[in-house]
Amino acid sequence: MPTLLLEIGCEELPASACREAETQLPELCRTLLGVAPAHVLVGPRRLAVLVEGLPERSPDEWVKGPPEALRDRAADGFARRHGVSVESLEVRAGFLGIEVPGRDVRELLPTQLDAVVRGLAFGKPMRWDDSGLRFPRPIRWLLAKLDAETLLGETSYGHRFTHQQVEVASASAYLEVLRAAGVEPDAAERRRLIVAGLDAIGGWSDPAGVLEEVIHLAESPLVLEASFDERYLQLPEPVAVAAMQAHQRYFPLGGNRFAFVANGGNAEVVRSGNEAVLENRLEDAAFTFERDVAQGIDRLAERLGSITFFAGAGSFADKTERLRQLVERLGGGEASLEAARLAKADQASELVREFPDLEGQIGAEYARLAGYPEAVCSAVEEQFLPDSASGPLPQTDPGKVLAAADRIDTLTVAFELGHRPTGSRDPFGLRRAAIGLCRLADEGDLRIERSDLAPEVRDFVEERYGSLLDVPVEAVRAARRSAVSDLGAVAALARFLAELPDERLGPVHEVYTRAGRISAKTDSASEVDPALLHEPAELALAEALQRLDLDQVAERRFDEALASAAELAPVVEKFFADVLVMAEDSSIRANRLRLLRDVHEAVGKLGDLAQIPR
Amino acid sequence: MALNYQDMISALQSFWAERGCVLMQPYHTEVGAGTLNPATTLRCLGPKPWRTAYVEPSIRPGDGRYGENAFRFQQFWQYQVVLKPAPEDVLDVYFSSLEHIGIDLLRHDPRLVEDNWEAPTLGAWGLGWEVWLDGMEVTQFTYFQQMGGLDLDLIPAEITYGLDRLGLFVQGKRSVLELEWAPGVTWGDVFRENERQWSAYNFEEAPVDVLARRFSEHEAECRHLVERRLPLPAYDQVLKCSHGFNQLDARGAVSVTERAAYIARVRNLARAVCQLQLELEGDADAAA
């Protein structure tokens with residue numbers, strides 16, 4: 001069976017487009033050609049598939065027509081529509097129809113291949129001529145070969161600068177022909193070459209993850225090692241790394257060395273050119289850095305009054321003042337307070353305007369240069385941690401306090417202004433802020449009073465535990481309605497409840513739900529009247545309830561609290577066995593309902609246990 | 001021998017003139033980029049083919065550094081080429097223009113790196129690349145898709161050479177100020193004092209309240225001119241608004257929210273002007 005090559009020749013495609021095509025081509029081939037490709041080859045100048053074992057002919061096809069019973073009325077029309085005579089219609093299983101013979105794949109492919117090209121869907125397509133085609137960059141040639149036969153186009157093209165047109169003798173020779181023309185069409189092989197090149201140099205890093213893009217930035221990747229003048233090592237390291245990675249897609253090798261991937265040229269010339277470019281960037285950054293340092297972090301901090309935090313939320317000076325207050329409320333010490341004062345100072349620096357992603361890191365560096373204690377500097381540095389559901393937490397206590405204060409402020413102010421995230425729209429990053437707060441409280445063991453959060457903010461934050469914790473969401477819902485007073489305890493209680501064996505949870509759950517069900521409509525203000533209690537079982541329950549102290553919950557002593565609550569179980573059971581709650585006398589009935597309501601409320605300090613299905 | 005700055009410009013001029021470009025001169029009103037010159041913005045609208053090339057001083061008040069930084073200037077130089085519609089071999093032609101100014105494409109490492117261009121104040125966007133030579137960005141290459149919020153009939157290719165960066169590359173220098181402009185005369189000799197004085201104006205002296213008032217006046221005048229169906233003078237008012245906004249921004253007088261509002265005001269003007277221009281072209285064609 002023949003091998004098919006389809007090559008879509010493009011002007012240099014973005015890496016994201018290469019990945020989109022790589023994902024879609026197998027399925028498109030399966031659907032439109034009936035066979036999945038043996039090779040999917042994507043890169044900046046071409047998207048290609050090699051399909052092996054393509055059938056020579058498409059299968060014969062039975063086209064079903066009207067039922068035989070309707071021959072007189074419908075046969076004529078059906079035959080005409082398919083361009084055959086009425087006489088040639090056959091009958092199968094009571095239906096008229098025709099057997100359409102399969103066609104040679106050479107006849108079908110031009111249309112099918114066109115459908116493959118048009119079937120690719122990209123996030124950012126463009127127009128370039130009046131063909132009506134939309135693609136991420138202009139398509140400049142197509143080549144399709146079935147073995148040695150050319151179905152579409154004429155030739156392929158080699159490396160843009162070292163080779164021109166190349167003849168592809170047959171589909172199966174494609175890889176070989178391109179490799180001889182300076183092109184590695186296989187993305188996996190390019191990745192292997194690049195990683196091997198980097199490994200051969202050793203000590204490379206890629207904190208910003210540029211490798212995935214670099215794979216699609218060269219058809220003939222060559223890894224080269226280079227260095228920059230040591231005088232730029234005075235720059236904060238993150239600045240040098242950002243200049244290397246964000247702008248230039250280089251791989252830092254530590255110190256003043258770096259590696260990069262070229263696509264051709266004289267290695268010596270290309271190396272020295274890249275070194276000059278990076279040094280220009282570092283020189284520019286050094287110029288900015290020195291101007292900032294000449295000002296010093298304290299003077300930068302004084303300029304925060306003229307920079308808006310966001311509309312309606314005052315300036316960064318206002319934010320700084322709010323941070324100081326929050327840090328105090330969170331119990332932060334001297335270092336935290338000092339860090340809060342300096343936290344946003346780098347917003348006034350020129351370097352952060354150049355490298356916005358380095359906010360915090362640059363401020364910390366400036367604080368160090370100004371001689372502030374390391375506890376202060378590292379808190380400034382750590383204020384944006386954690387930045388995701390899995391990223392690292394601040395390592396220092398002042399860092400944790402400042403990070404929490406920053407998030408509480410952003411959330412509070414944003415919610416006050418009505419910027420609640422909707423759907424995928426979350427321009428202020430509030431979900432990330434809430435997740436960070438949850439993690440600081442739980443994993444970071446930072447005590448954050450729930451009562452310090454505005455109710456709307458508290459709900460929004462605590463909801464995050466539902467997806468963040470590895471427990472059923474019902475356990476989180478239950479814990480959120482408990483009497484725990486700090487945010488981290490919500491997580492701890494959710495975990496405690498989720499892990500309880502049924503024999504421990506069962507009796508307490510029973511007390512809670514049974515008492516709750518029956519007393520659900522009882523108002524919350526009225527109190528139990530001891531004078532109306534007569535039956536021994538109800539007196540026993542009232543007394544047991546008096547003794548019950550579930551304040552242990554607030555101190556995270558969940559185990560003891562649960563044990564205390566469990567002691568109620570037999571008393572409640574006896575109560576329901578001996579006492580008729582729905583007594584004739586309405587005042588006695590109301591009093592008994594109030595007693596059960598109190599039981600429900602008391603046990604409810606352990607959480608809204610009814611949320612947990614049993 | 002490497003070309004000096006003005007010879008490099010001359011070489012580009014003759015290269016593109018030979019390829020059918022109308023050689024324009026820099027526009028008389030401040031623009032942040034050659035794209036804003038009406039020879040690009042307005043000529044990209046509508047179904048008429050157009051080819052042009054010109055040098056444009058790019059005026060960006062916030063980028064001045066008093067002539068003390070080797071790479072940042074409030075006035076720098078672009079060489080702008082527009083080919084409408086984009087010919088199929090446009091990239092090959094572009095790369096041969098680099099060879100024409102003495103760059104050996106086999107010794108160096110030319111690259112096309114994704115860069116999608118957007119001008120919010122113009123309601124314009126396109127897809128393309130920054131062109132690298134050994135890692136240095138020397139050109140912005142864009143296939144325009146929209147201008148003034150309107151889909152374009154003929155897709156133009158815009159080639160914007162950063163002359164200063166290209167000069168660094170061609171001359172092998174490490175500072176723009178040290179580029180040889182003409183024999184015995186450097187870039188710095190010609191423009192350094194200009195940078196110092198304009199930076200002082202842009203950052204220290206430019207009167208914020210006057211600029212804000214002028215912005216509104218230009219805006220009103222633009223609207224008036226659109227009503228009078230005079231898109232070309234109306235477009236100059238758009239440019240004055242755009243530059244005025246850049247000046248206010250350089251003075252630190254624009255907060256984050258105000259920024260969005262200013263940009264929207266300029267974009268609305270640009271949209272109205274582009275629509276009118278397109279209408280008038282359509283009327284003229286109908287009459288002919």
Side-chain angles (χ1 to χ4, degrees), chain A residues 11-17 44-45 124-130 136-138 140 160-162 213 216-218 222 224 226 247-250 260 262-281 283-284 287-288 291 303 306-312 315 353, chain B residues 62 65 68-72 85-92 95 104-116 125-129 131-137 141-145 151-155 157 165 168-169 172-176 252-261:
Chain A
E11 292 181 358
E12 276 72 352
L13 295 165
S16 58
R45 272 188 94 203
K124 258 191 225 157
M126 62 172 278
R127 294 179 297 134
W128 62 94
D129 61 14
D130 53 11
R137 290 295 180 273
R140 290 307 182 197
R160 184 184 275 286
F161 300 105
T162 59
E213 185 184 2
H216 298 298
L217 270 179
L222 176 67
L224 296 173
H247 295 134
Q248 301 296 141
R249 284 87 165 175
Y250 296 159
F260 68 97
N263 190 39
N266 173 302
E268 216 27 69
V269 171
V270 175
R271 173 184 299 118
S272 93
N274 277 276
E275 287 175 343
V277 172
L278 181 60
E279 287 184 0
N280 288 355
R281 288 202 181 273
E283 177 66 32
D284 194 21
F287 180 87
T288 308
R291 281 167 59 99
R303 291 190 5 221
S306 62
I307 304 176
T308 312
F309 172 40
F310 60 78
S315 69
R353 229 173 299 154
Chain B
R65 295 291 186 271
E68 291 164 20
N69 182 314
F71 310 102
R72 285 297 182 89
E88 252 192 78
D89 61 351
V90 58
L91 278 178
D92 294 335
F95 281 117
D104 181 343
L105 300 176
L106 291 176
R107 262 170 73 74
H108 295 287
D109 180 22
R111 303 284 275 281
L112 295 163
V113 180
E114 175 187 16
D115 192 29
N116 300 324
W125 65 277
L127 300 184
W129 307 274
V131 181
W132 286 6
L133 288 176
D134 301 344
M136 179 181 290
E137 180 192 348
F141 189 112
T142 306
Y143 290 105
F144 288 144
Q145 303 288 302
D151 281 338
L152 297 179
D153 295 323
L154 285 183
I155 300 298
R165 301 272 194 86
L168 291 175
F169 193 86
K173 292 274 168 58
R174 301 300 292 270
S175 157
V176 172
V254 182
S255 77
V256 181
T257 14
E258 280 179 315
R259 165 183 296 270

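Convention: sequence-line order gives letters A, B, ...; per-chain numbering from 1.
- With values rounded to the nearest 0.5 angstrom, B:F141 atom CZ is found 10.5 Å from A:E12 atom CD.
- In this structure, B:R107 places its CZ atom where only 12 or fewer heavy-atom neighbours from other residues, nucleotides or ligands lie under 6.0 Å away.
- For B:F95 and A:F161, the distance between ring centers is under 6.0 angstrom.
- The local environment of CD in B:E88 is sparse, with at most 12 non-hydrogen atoms from other residues, nucleotides or ligands closer than 6.0 Å.
- Under the 3.5 Å distance criterion, the side-chain polar atoms of A:R127 are matched with a main-chain donor or acceptor of B:L152.
- Cation-pi contact between A:R137 and B:W129: present, with separation from the ring centre below 6.0 Å and deviation from the ring axis of at most 45°.
- The minimum heavy-atom distance linking B:R65 with A:F287 is given by the pair CD-CE2, 4.1 Å.
- Only the backbone of A:P136 comes within contact range of chain B, judged by heavy atoms closer than 4.5 Å.
- Within the 4.5 angstrom heavy-atom criterion, atoms from both the backbone and the side chain of A:P14 approach chain B.
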> Which is it for B:D104 and A:N266 under the side chain to side chain contact (heavy atoms under 4.5 Å, CB included) test, yes or no, and what are the steps along the way?
Replying inline: CA-CA 10 Å; B:D104 181 343; A:N266 173 302; over 6 Å; no
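- Your options are A:T288, A:L278, A:N263, and the one with the most heavy-atom pairs under 4.5 Å with chain B is A:N263.
- Without hydrogens or angle criteria, B:D134 side chain to A:N274 main chain gives no donor-acceptor distance under 3.5 Å.
- A donor-acceptor contact shorter than 3.5 Å links the side chain of B:R111 to the backbone of A:L217.
- In this structure, A:D129 CG and B:I155 CD1 are separated by 9.0 Å, a value rounded to the nearest 0.5 Å.
- Contact of B:V176 with chain A is not made at all, since no heavy-atom distance falls under 4.5 Å.
- Under a cut-off of 6.0 angstrom, the local environment of CG in B:D151 is crowded, with over 12 non-hydrogen atoms contributed by other residues, nucleotides or ligands.
- In terms of heavy-atom pairs under 4.5 angstrom with chain B, the leader among A:E283, A:E279, A:R281 is A:E279.
- At a threshold of 4.0 Å, the pair A:R160-B:D92 counts as salt-bridged, since one of the basic side-chain nitrogens sits closer than that to a carboxylate oxygen.
- Closest approach of A:Y250 to B:G135, counting heavy atoms only: OH-CA, 4.4 Å.
- Atoms CZ and CG, from A:R45 and B:L112 in turn, are 9.0 Å apart once rounded to the nearest 0.5 Å.
- Residue B:R165 holds its CZ atom at 8.0 Å from CG of A:N280, rounded to the nearest 0.5 Å.
- Note: A:Q248 leads A:Q248, A:H247, A:R291 in heavy-atom pairs under 4.5 Å with chain B.
- To the nearest 0.5 Å, atoms CG (B:L154) and CG (A:D130) are separated by 8.0 Å.
- A distance of 3.0 Å separates OH of B:Y143 from CD of A:E11, quoted to the nearest 0.5 Å.
- Contact count against chain A (heavy-atom pairs under 4.5 Å) is highest for B:L127 among B:D115, B:L127, B:V113, B:N116.
- Between chain A and the options B:L91, B:L133, B:D89, heavy-atom pairs under 4.5 Å are most frequent for B:L91.
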